[in-house]
Structure formats: structure tokens, C-alpha cells
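Data first, discussion second: the structure below is written as C-alpha cells.
Remember, it's a predicted structure, so these values are computed and weren't measured experimentally.
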Amino acid sequence: MSKPLVVSIPHNLGKAEALRRLQGGMSSLKSQFGDKIASIDESWAGDRMDFRVGAMGQNVSGNVQVMEEQVRVEVQLPWILAMVAEKAKTFIQKQGTLMLEKK
């Protein structure tokens with residue numbers, strides 16, 4: 001197993017508003033990228049979401065921790081996807097920022 005990919009997404013929404021905007025955000029990814037994503041499972045416990053995504057024949061798991069001024073995303077990439085970790089990091093940063101910007 002490769003080391004986890006960690007992405008920090010800063011925000012100035014406060015914890016409660018950031019949490020509200022992110023809850024259910026994974027399902028919007030499913031509708032947006034449905035042709036590439038086979039399955040998404042998410043489970044919230046307080047301000048932490050654990051997730052598992054099936055995409056391109058691979059399973060990716062991780063968690064999202066919502067904090068007062070940032071969201072921390074930690075993703076365990078299978079070795080085959082670890083080779084594109086920088087692209088994955090950019091994608092996570094972009095999608096996370098978009099979810100936080102939505103009203």
C-alpha cells in the first residue's frame with residue numbers, strides 16, 4: 001500500500017457551514033462523473049466522513065475531516081493509481097473547492 005495522499009483545502013466558512021456544503025457532495029460527484037465512477041459509499045460521523053469509491057476498476061478509500069478553517073482529505077490510492085497522485089491531488093483540490101463555494 002502506498003502512503004496516503006493528503007490534500008488540505010482552506011476555507012473561511014466556519015466548520016458548520018463547510019460541513020453543510022460537503023454533506024451529500026459525494027452524490028453530486030456521482031451524477032457529474034457517473035460514467036467514470038462505479039460506486040460511492042460515504043459514512044458521516046460528526047465532522048468526519050469515511051468514503052470508498054469504485055472507479056476505473058479500482059477501489060479508493062479515505063476520509064474527509066472538516067475543521068474550522070480547512071478541510072483535510074486523506075486518500076489511500078491503490079499502487080496503480082498512486083502513479084497519478086499529483087493529478088489526483090489537483091482533482092481533489094478543485095472538486096473540494098467547488099463544493100465549498102456552492103451556496
Side-chain angles (χ1 to χ4, degrees):
M1 189 66 119
S2 60
K3 70 178 188 173
L5 174 67
V6 177
V7 180
S8 291
I9 305 167
H11 66 81
N12 57 5
L13 301 169
K15 187 185 217 176
E17 180 61 15
L19 189 59
R20 184 189 71 77
R21 292 184 187 194
L22 290 173
Q23 287 179 325
M26 294 294 272
S27 57
S28 71
L29 285 179
K30 174 72 171 165
S31 62
Q32 187 177 355
F33 299 101
D35 58 331
K36 296 173 184 71
I37 297 175
S39 65
I40 296 179
D41 296 314
E42 65 179 280
S43 158
W44 284 92
D47 54 11
R48 177 187 165 109
M49 175 188 64
D50 293 310
F51 65 87
R52 181 183 272 320
V53 178
M56 299 179 287
Q58 301 293 316
N59 286 314
V60 176
S61 62
N63 65 73
V64 175
Q65 184 74 38
V66 181
M67 294 173 258
E68 197 63 36
E69 296 179 352
Q70 73 172 339
V71 173
R72 182 180 185 275
V73 182
E74 183 175 313
V75 182
Q76 291 289 340
L77 294 172
W79 69 271
I80 194 128
L81 294 179
M83 295 184 292
V84 295
E86 277 308 308
K87 285 185 181 181
K89 187 173 187 173
T90 302
F91 175 80
I92 292 167
Q93 183 87 39
K94 180 181 175 187
Q95 293 303 313
T97 300
L98 286 173
M99 280 189 235
L100 289 168
E101 287 177 350
K102 288 183 182 175
K103 301 284 184 240

(request) Over all heavy atoms of both residues, which pair between Asn59 and Gly54 is shortest? Give the atoms and the distance, please. (result) OD1-CA, 3.6 Å
(request) Quick one: pull up CD in Gln95 and CD1 in Ile9 and give me the separation to the nearest 0.5 Å. (result) 9.5 Å
(message) I want to check something: taking the side chain as every heavy atom from C-beta on, are Asp47 and Met67 in contact at a cut-off of under 4.5 Å?
(response) no
(request) Might you point out which heavy atoms bring Phe51 and Asn63 nearest each other, and give the distance in Å? (result) CE2-N, 3.4 Å
(request) Calculate, to the nearest 0.5 Å, the distance between atoms OG and CD belonging to Ser8 and Gln65 respectively. (result) 11.0 Å
(message) Measuring from atom CG of Leu22 to atom CD of Glu42, what distance do you get when rounded to the nearest 0.5 angstrom?
(response) 10.0 Å
(message) Nearest 0.5 angstrom please: Met99 CE to His11 NE2, how far?
(response) 13.0 Å
(request) Answer whether the closest heavy-atom distance between the side chains of Phe91 and Val7 falls below 4.5 Å. (result) no
(message) Let me confirm one number: the CG-CD distance from Leu98 to Gln93, rounded to the nearest 0.5 Å.
(response) 10.5 Å
(request) Kindly check if the number of other-residue, nucleotide or ligand heavy atoms within 6.0 Å of CD (Gln58) is above 12? (result) yes
(request) Rounded to the nearest 0.5 Å, what's the gap from CG on Leu100 to CZ on Arg20? Could you check? (result) 11.0 Å
(message) Ignoring hydrogens, what is the shortest heavy-atom contact between Val6 and Glu74? Give both atom names and the distance.
(response) CG2-CG, 4.1 Å
(request) Given side-chain contact (heavy atoms from CB on, under 4.5 Å), test Arg21 with Leu13 step by step and report yes or no. (result) CA-CA 10 Å; Arg21 292 184 187 194; Leu13 301 169; 3.6 Å; yes
(message) Show the nearest heavy-atom pair for residues Leu77 and Ala88, with the distance to one decimal.
(response) CD1-CB, 4.4 Å
